[in-house]
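Report on the following structure.
Naming: A, B, ... by sequence-line order, numbering from 1 per chain.
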There are 2 protein chains.
Amino acid sequence: MTATIGDVARRAGVSTATVSRVLAGLGGARPDTRERVLDAARALDYRPSAVARSLKLRTTKTLGLIITDIENPFFPQLVRAVEDVAREHGFVLLLCNAADDPDREASYLDLLVDRRVDGVVIAVSGLGVRHREWLAEPPLPVVLVNTTAPGLPHPSIASDNVDGGRQAAAHLLDLGHRRIGVLTAGARHAAAPERVAGVRQAVAERGLDPASVPIVVGEPDVRGGEAALGQLLADAPEMTGVVAYNDLMAIGAMRAIRACGCTVPGDISVVGFDDVAIAAYTDPPLTTIAQAIAELGRWAVERLVERLAEAGAGVDGHGPAGRAAGGHASAGTVLPVRLIARGSSGPPREAGTRPG
Amino acid sequence: MTATIGDVARRAGVSTATVSRVLAGLGGARPDTRERVLDAARALDYRPSAVARSLKLRTTKTLGLIITDIENPFFPQLVRAVEDVAREHGFVLLLCNAADDPDREASYLDLLVDRRVDGVVIAVSGLGVRHREWLAEPPLPVVLVNTTAPGLPHPSIASDNVDGGRQAAAHLLDLGHRRIGVLTAGARHAAAPERVAGVRQAVAERGLDPASVPIVVGEPDVRGGEAALGQLLADAPEMTGVVAYNDLMAIGAMRAIRACGCTVPGDISVVGFDDVAIAAYTDPPLTTIAQAIAELGRWAVERLVERLAEAGAGVDGHGPAGRAAGGHASAGTVLPVRLIARGSSGPPREAGTRPG
DNA sequence: CTGAAAGCGCTAACAT
DNA sequence: ATGTTAGCGCTTTCAG
């Protein structure tokens with residue numbers, strides 16, 4: 001089948017060592033030998049086996065990427081960024097879509113270890129218990145995106161969720177809304193409480209009572225948003241603005257609002273979170289809190305690669321408990337977010353004029 | 001660092017062969033030895049190296065997946081399906097996003113060979129020349145999704161694009177539209193001409209002149225659809241219905257229509273293609289031709305796995321030129337598509353009443 | 001039932 | 001400048 005280095009060596013009349021050297025581009029080979037080797041390799045269509053090399057070199061040039069759910073448009077954008085940067089550094093991605101299943105997520109952790117990937121980017125919205133245990137003594141370098149492992153020394157990065165919630169609510173409040181509601185996600189999602197806290201903060205800053213903000217929990221997808229909004233409307237019929245956990249829920253909320261015969265933003269304003277690609281194209285275009293998705297991915301991979309370089313230079317793999325990259329914020333880097341005001345938010349209508 | 005099989009063997013007081021057998025679950029080991037081995041493995045937290053095993057077994061249990069552009073929501077859905085099925089069969093995915101760059105796509109081909117993946121799923125919207133050359137003598141089993149390699153014996157699957165175009169146009173025609181336009185994609189996209197042909201066919205079936213259907217080419221994304229619609233409107237102002245190459249273009253088209261002060265479907269009806277997840281949630285919800293995305297992915301992986309099984313049972317890797325799976329439609333399987341009528345299409349307004 | 005040993009394809013000392 | 005050799009960690013005959 002595929003030619004091996006031995007085949008090339010034989011054909012070129014040299015040793016495998018020479019072939020290896022020539023192909024590695026290290027000098028130290030007479031021009032004519034060099035040529036012969038190159039010719040032989042070409043003639044045989046020789047492709048060095050990365051698996052053999054990995055075994056020898058103890059590095060696979062592969063990164064694992066674990067994500068919560070590839071069907072949430074946030075993740076493809078993140079995957080794209082991670083892959084781009086990994087590629088820049090000569091790494092390939094083993095894609096692990098947890099599909100929202102904690103068991104599947106956990107099993108991927110072991111699989112990545114077995115596969116001897118050089119490092120893993122964990123980009124999940126929340127860490128399960130098994131995950132957390134594993135992270136306490138990870139057999140390989142890890143960096144976290146969108147979550148933190150409190151007390152654990154892994155580099156991590158996330159958006160400023162509290163500020164995001166704050167900005168979303170402030171936007172509505174500044175527009176004149178007085179009763180705003182929140183659509184949030186379950187406990188599994190680490191960012192959810194933070195975003196809620198931000199909303200409360202903004203409300204309090206205006207001298208209103210943060211405890212009076214109605215909150216409904218739902219699945220963080222379109223359907224979940226739709227359902228949750230119904231609940232919210234029932235709980236707080238006088239509400240004129242809603243902050244959603246993410247863009248998908250916001251889209252669901254807009255649908256539900258319309259289904260009630262109300263309009264967006266005429267009757268109720270909606271603010272999302274993420275600024276996924278389609279947010280600009282919904283109708284009305286979604287006002288949302290933009291996360292710097294590409295930067296999230298870039299930072300994660302660069303930190304990982306950095307750490308691998310250190311380790312490669314140093315003595316052992318990466319230190320017992322996977323110490324965080326030297327000097328770098330193991331406390332958790334946080335990226336600023338910004339409000340993108342689009343059509344789904346506007347001033348509240350005069351009281352008492354809502355139809356239905 | 002990580003324990004090796006040797007460490008386990010030593011600790012259990014047996015040979016590595018025994019450890020291997022026990023861990024492989026093959027019987028033939030006294031219960032007590034078995035226990036000792038298992039204990040040792042557990043104590044050392046032993047994780048067998050998949051790379052060493054791959055070298056020995058000449059199989060990586062890894063599939064390469066090449067896609068055109070992960071940012072088009074069609075692909076995440078496909079990736080999801082491919083990963084699910086691969087996982088069912090014990091395979092992992094090396095994700096290769098071509099990001100719409102033919103060079104990047106081609107370079108991934110070589111990379112996958114180097115990595116010795118067991119097979120590759122090529123899910124791209126069109127094959128470049130380098131790609132086609134490579135496919136003429138692929139060093140590993142390949143299956144094509146969404147494209148065919150004419151004359152080449154690779155299993156391939158795609159939706160019935162002609163029929164899709166036909167259904168889309170027929171829907172509009174049946175609604176009473178007489179002047180329909182088409183937004184298509186460039187030559188790089190294999191499905192584009194097929195879908196156009198389908199539209200023409202439907203038009204001809206109604207006794208209208210297929211040659212008179214205005215067609216504009218654009219990038220197959222929202223922006224492209226927006227731009228192309230402007231052009232289309234300029235070319236054929238009397239048009240009342242448009243069939244877009246995909247949902248993204250359709251969304252762009254709807255935006256552009258609205259930007260002109262017209263309404264969808266009041267003034268112009270729009271039909272998309274793919275039925276991506278968000279299609280149901282645009283406003284108005286998009287009428288579109290649904291592809292069986294999950295089935296596309298499942299079929300591809302199952303065919304690949306099937307072929308690998310044959311090869312594994314047989315003598316060599318997979319035959320010189322990568323013969324197609326025994327008896328299976330190497331001609332190219334085609335999956336039916338179906339129209340999902342939603343809000344973006346409706347009967348044409350009486351002539352002469354369009355605003356602007 | 002278990003062990004010894006060869007070898008998957010490659011790289012890197014260490015010779016020469 | 002090039003060849004010899006010893007593994008990397010695993011599986012699998014082949015013996016015993």
Side-chain angles (χ1 to χ4, degrees), chain A residues 1-38 40-41 44-62 113-118 139-140 312 316-317, chain B residues 1-38 40-41 44-62 113-118 139-140 312 316-317:
Chain A
M1 257 195 313
T2 329
T4 74
I5 197 173
D7 300 331
V8 178
R10 207 164 311 121
R11 190 171 223 270
V14 298
S15 73
T16 62
T18 300
V19 175
S20 179
R21 285 189 204 103
V22 170
L23 264 31
L26 318 170
R30 243 177 0 211
D32 60 309
T33 1
R34 203 184 109 80
E35 272 319 311
R36 254 180 312 136
V37 168
L38 259 21
L44 296 173
D45 205 0
Y46 172 62
R47 311 256 50 183
S49 160
V51 5
R53 177 182 308 181
S54 287
L55 182 59
K56 176 76 205 184
L57 265 28
R58 325 172 68 83
T59 171
T60 50
K61 293 307 247 171
T62 304
V113 175
D114 293 352
R115 297 283 178 144
R116 299 296 192 269
V117 299
D118 292 334
L140 38 81
D316 68 336
Chain B
M1 259 194 310
T2 329
T4 73
I5 197 174
D7 300 330
V8 178
R10 207 164 311 121
R11 191 172 221 270
V14 299
S15 74
T16 61
T18 299
V19 175
S20 179
R21 287 191 204 102
V22 169
L23 264 32
L26 317 172
R30 245 175 1 209
D32 60 310
T33 358
R34 204 184 108 80
E35 272 318 312
R36 253 180 313 135
V37 169
L38 259 21
L44 295 173
D45 205 1
Y46 172 62
R47 313 254 49 184
S49 161
V51 4
R53 176 182 299 163
S54 288
L55 183 57
K56 177 76 203 178
L57 265 28
R58 326 170 67 81
T59 171
T60 50
K61 293 306 247 170
T62 304
V113 175
D114 293 351
R115 296 284 178 144
R116 300 294 192 269
V117 298
D118 292 334
L140 39 80
D316 68 337

* Measure the CZ-OG1 distance between R10(A) and T4(A) for me, rounded to the nearest 0.5 Å. => 6.5 Å
* Asked: Could you state the interatomic distance from CZ (R53(A)) to CZ (R115(B)), rounded to the nearest 0.5 Å?
  -> 9.5 Å
* Looking only at side-chain N and O atoms, does T18(A) come under 4.0 Å of OP1 or OP2 in dT2(D)? -> no
* Asked: How about R34(B): does its CZ atom have over 12 heavy atoms from other parts shown lying under 6.0 Å from it?
  -> no
* Any side-chain donor-acceptor pair under 3.5 Å between R116(A) and T2(B)? -> no
* Asked: Which nucleotides of nucleotides 9-16 of chain C have their base under 4.0 Å from a protein heavy atom (B), which only their sugar-phosphate (S), and which neither (-), written as one string 5' to 3'?
  -> BBBBB---
* To do: Remember a base hit wins even if backbone is also touched, and classify T33(B) as base, sugar-phosphate or nothing at under 4.0 Å, heavy atoms.
  => sugar-phosphate
* **Length of the line joining E35(B):CD and dC1(C):P, which is rounded to integer Å** => 15 Å
* To do: Would you give the length of the straight line joining atom OG1 of T16(B) to atom CG of L23(B), rounded to the nearest 0.5 angstrom?
  => 11.5 Å
